[in-house]
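Shown next, in structure tokens, is the structure this report addresses.
The structure displayed is predicted, hence computed values, not measured ones. Quick note: residue numbers are just sequence positions, from 1.
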Amino acid sequence: MRYVIIGCGSVGAGLAERLSVAGHDVTVVDREGSSFDRLRRLARTRTVRGSGTDRKVLLAAGIESTDGLAAVTSSDEVNIVVGRIAREVFHVPKVVARLYEPRKAIVYAALGLETLSPVSWGVNRMADLLLYSELHSVAALGSGEVDIVEVEVPGHIAGRTAADLYVPGEVQVVAITRRGATFLPAPAQLLEDGDVLHLTVLSAKAARLKSLLSASGGS
């Protein structure tokens, strides 16, 4: 796969390294040539100096044949302009833009752009670590609004069902790992001692999940 990254700050360089190590071809664009020093001569990675809003620079980066583009400069405005150009002019299949201002995300989502706000994500992650350390967060979706978490079944809820931990729009058991095998449970699936539950939960409702796991033993 081929990817274009606009912006070679710490995020852009880190993303380039992740994609390159995974075996993908990466082109990184930045206005400052010195920024490319962060790339540490990564294999399968090339650089193009210039503005990500410049059509000639984007063409030189291979935007016409890329499978995805990430706009991660330090400017929300630049990231959105680049994202719209990639999506509307060059029809790039996958476009992601980083936003520092979370309130802008809703506006740009309406334009068909996927966005990530490090502010929202960071706030949610810190809250999770401080308040819900017993829930192991596996991944965050969107800008951190939804978490995928793992938790071992407490002994007092063994024998209950996956449906007992279901709250519409807030919490849901999506998979269970039992004796080394992982499967998708039906609502009536009985939980066993030693099971590892994989759940999706709204970050704002993590306390609700914690309550469900503790309250089940007293009912």
Side-chain angles (χ1 to χ4, degrees), residues 1-102 104-122 124-125 137-148 174-175 182 198 200:
M1 304 286 278
R2 298 177 180 177
Y3 295 99
V4 173
I5 299 172
I6 309 299
C8 195
S10 56
V11 172
L15 180 57
E17 180 174 3
R18 174 73 179 272
L19 294 173
S20 177
V21 168
H24 302 291
D25 293 320
V26 183
T27 299
V28 183
V29 176
D30 199 283
R31 297 174 64 95
E32 301 296 331
S34 59
S35 297
F36 299 134
D37 293 340
R38 296 186 175 93
L39 296 176
R40 297 185 296 183
R41 298 180 182 177
L42 293 173
R44 307 179 69 92
T45 300
R46 69 186 188 94
T47 60
V48 175
R49 184 174 179 180
S51 171
T53 60
D54 187 318
R55 180 185 176 89
K56 292 182 179 179
V57 171
L58 292 174
L59 289 172
I63 194 171
E64 291 180 303
S65 60
T66 191
D67 295 292
L69 177 143
V72 291
T73 76
S74 59
S75 167
D76 283 1
E77 289 69 27
V78 170
N79 293 340
I80 291 305
V81 170
V82 172
R84 294 195 67 180
I85 292 173
R87 171 71 71 183
E88 299 174 9
V89 177
F90 293 102
H91 308 292
V92 175
K94 189 73 170 181
V95 178
V96 181
R98 179 176 68 169
L99 295 179
Y100 286 92
E101 177 49 65
K104 297 177 182 178
I106 297 176
V107 176
Y108 296 123
L111 300 175
L113 295 178
E114 294 189 53
T115 60
L116 171 65
S117 170
V119 174
S120 294
W121 188 90
N124 287 325
R125 294 284 63 71
S137 181
V138 176
L141 306 180
S143 295
E145 299 91 346
V146 175
D147 282 331
I148 299 177
V174 293
T182 301
H198 311 271
T200 53

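- R49 and V57 get closest at one heavy-atom pair: O-CG2, 4.4 Å.
- Screening T27, I6, D54 for a side chain to side chain contact (heavy atoms under 4.5 Å, CB included) involving V48 leaves a single residue, T27.
- Contact detail for A13 and R38: the closest heavy-atom pair is CB-CB, 3.7 Å.
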Under the side chain to side chain contact (heavy atoms under 4.5 Å, CB included) rule, what do V72 and V96 come out as? Steps first, then yes or no, please. CA-CA 8 Å; V72 291; V96 181; over 6 Å; no
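- How far CZ of F36 is from OG1 of T47: 4.5 Å, rounded to the nearest 0.5 Å.
- More than 12 heavy atoms of other residues, nucleotides or ligands shown are found within 6.0 angstrom of CZ on R46.
- How far CZ of R84 is from CG of N79: 14.0 Å, rounded to the nearest 0.5 Å.
- To the nearest 0.5 Å, the span separating CG on L15 from CD1 on I5 amounts to 4.0 Å.
- Taking each heavy atom of T45 and A16 in turn, the nearest pair found is OG1-O, 4.4 Å.
- Side-chain N or O atoms of D30 include none that pairs as donor or acceptor with a backbone N or O of S35 at under 3.5 Å.
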Where do S51 and T53 land on the side-chain hydrogen bond (donor to acceptor under 3.5 Å, both in side chains) test, with the steps shown first? CA-CA 5 Å; S51 171; T53 60; 2.8 Å; yes
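- Heavy atoms only, all atoms of each residue included: M1 and H24 are closest at CB-ND1, 3.3 Å.
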Steps toward side chain to side chain contact (heavy atoms under 4.5 Å, CB included) verdict (D67, K94): CA-CA 7 Å; D67 295 292; K94 189 73 170 181; over 6 Å; no
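- Annotation for A175 and T182: closest pair CB-CG2, 4.0 Å, computed over non-hydrogen atoms.
- For the atom pair SG of C8 and CZ of R31, the computed distance is 14.5 Å after rounding to the nearest 0.5 Å.
- Atoms CG and CZ, on L69 and R2 in that order, are 15.0 Å from each other to the nearest 0.5 Å.
- Of all the heavy atoms in G52 and V82, the pair that sits closest is O-CG2, 3.4 Å.
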